[in-house]
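Positions are given from 1, in the same order as the sequence printed here.
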Amino acid sequence: MTLNKEQFSKLVENYASHIMEGLDNVSLQMMCFDLLIREYDSYTEEQIIGEIKELYGEEVATEFYNDVTVVEVSK
């Protein structure tokens with residue numbers, strides 16, 4: 001069995017729709033989170049900071065950056 005590109009795309013869309021219909025909200029959120037992590041893992045530091053700035057502003061980008069770069073002082 002060999003599908004052309006259009007048929008394959010439709011098969012993928014049908015399968016994705018079937019999966020989506022069976023997900024509850026928690027599962028949908030987990031799937032979305034996993035897909036976002038997978039996508040952003042391929043970004044460079046400059047790309048991800050640039051996107052955060054573009055979508056949420058300099059302040060949010062700085063806050064996120066500081067959250068991962070500030071070293072905690074142990075007592």
Side-chain angles (χ1 to χ4, degrees):
M1 173 167 46
T2 303
L3 301 175
N4 65 36
K5 188 173 181 171
E6 184 178 323
Q7 291 169 324
F8 181 75
S9 292
K10 185 62 177 169
L11 176 65
V12 169
E13 288 175 14
N14 289 344
Y15 183 48
S17 291
H18 179 77
I19 291 171
M20 295 291 294
E21 290 171 5
L23 294 175
D24 60 15
N25 284 338
V26 172
S27 297
L28 185 57
Q29 289 174 348
M30 289 173 51
M31 179 181 272
C32 182
F33 180 82
D34 290 343
L35 291 171
L36 289 168
I37 294 297
R38 186 180 307 155
E39 176 67 22
Y40 290 128
D41 194 45
S42 67
Y43 279 37
T44 65
E45 180 180 324
E46 291 78 21
Q47 288 173 314
I48 191 70
I49 294 295
E51 182 166 311
I52 295 167
K53 285 180 184 178
E54 182 179 321
L55 295 175
Y56 300 101
E58 181 81 33
E59 186 176 320
V60 173
T62 300
E63 180 182 325
F64 287 173
Y65 186 83
N66 288 341
D67 283 348
V68 298
T69 59
V70 173
V71 178
E72 293 186 31
V73 178
S74 59
K75 294 182 179 182

Can [Y] be reached from [X] by stepping across I, L, V, M, F, W or Y side chains whose heavy atoms are under 4.5 Å apart?
X   : Y   : result
Y43 : L55 : yes
V26 : M20 : no
F33 : Y56 : no
I49 : F64 : yes
L36 : M30 : no

(message) Looking at Q7 and N4, would you say the former's side chain and the latter's main chain have a donor-acceptor pair under 3.5 Å?
(response) yes
(message) Strictly distance-based, threshold 3.5 Å: is any side-chain N or O of S27 a donor or acceptor partner for the main-chain N or O of L23?
(response) no
(request) Please report the closest heavy-atom contact between S42 and Q47, naming both atoms and the distance. (result) O-OE1, 4.3 Å
(request) Kindly give the heavy-atom pair with the smallest separation between I48 and Y40, and that separation in Å. (result) CD1-CD2, 3.5 Å
(request) Report the C-alpha distance between K10 and L3 in whole Å, list the side-chain angles of each, state the deciding distance to 0.1 Å, and finish with yes or no for side chain to side chain contact (heavy atoms under 4.5 Å, CB included). (result) CA-CA 10 Å; K10 185 62 177 169; L3 301 175; over 6 Å; no
(request) Verify side chain to side chain contact (heavy atoms under 4.5 Å, CB included) between E63 and D67, making sure each step is shown before the conclusion. (result) CA-CA 6 Å; E63 180 182 325; D67 283 348; 4.2 Å; yes
(message) How long is the straight-line distance from CD of E59 back to CD1 of I52, given to the nearest 0.5 Å?
(response) 13.5 Å
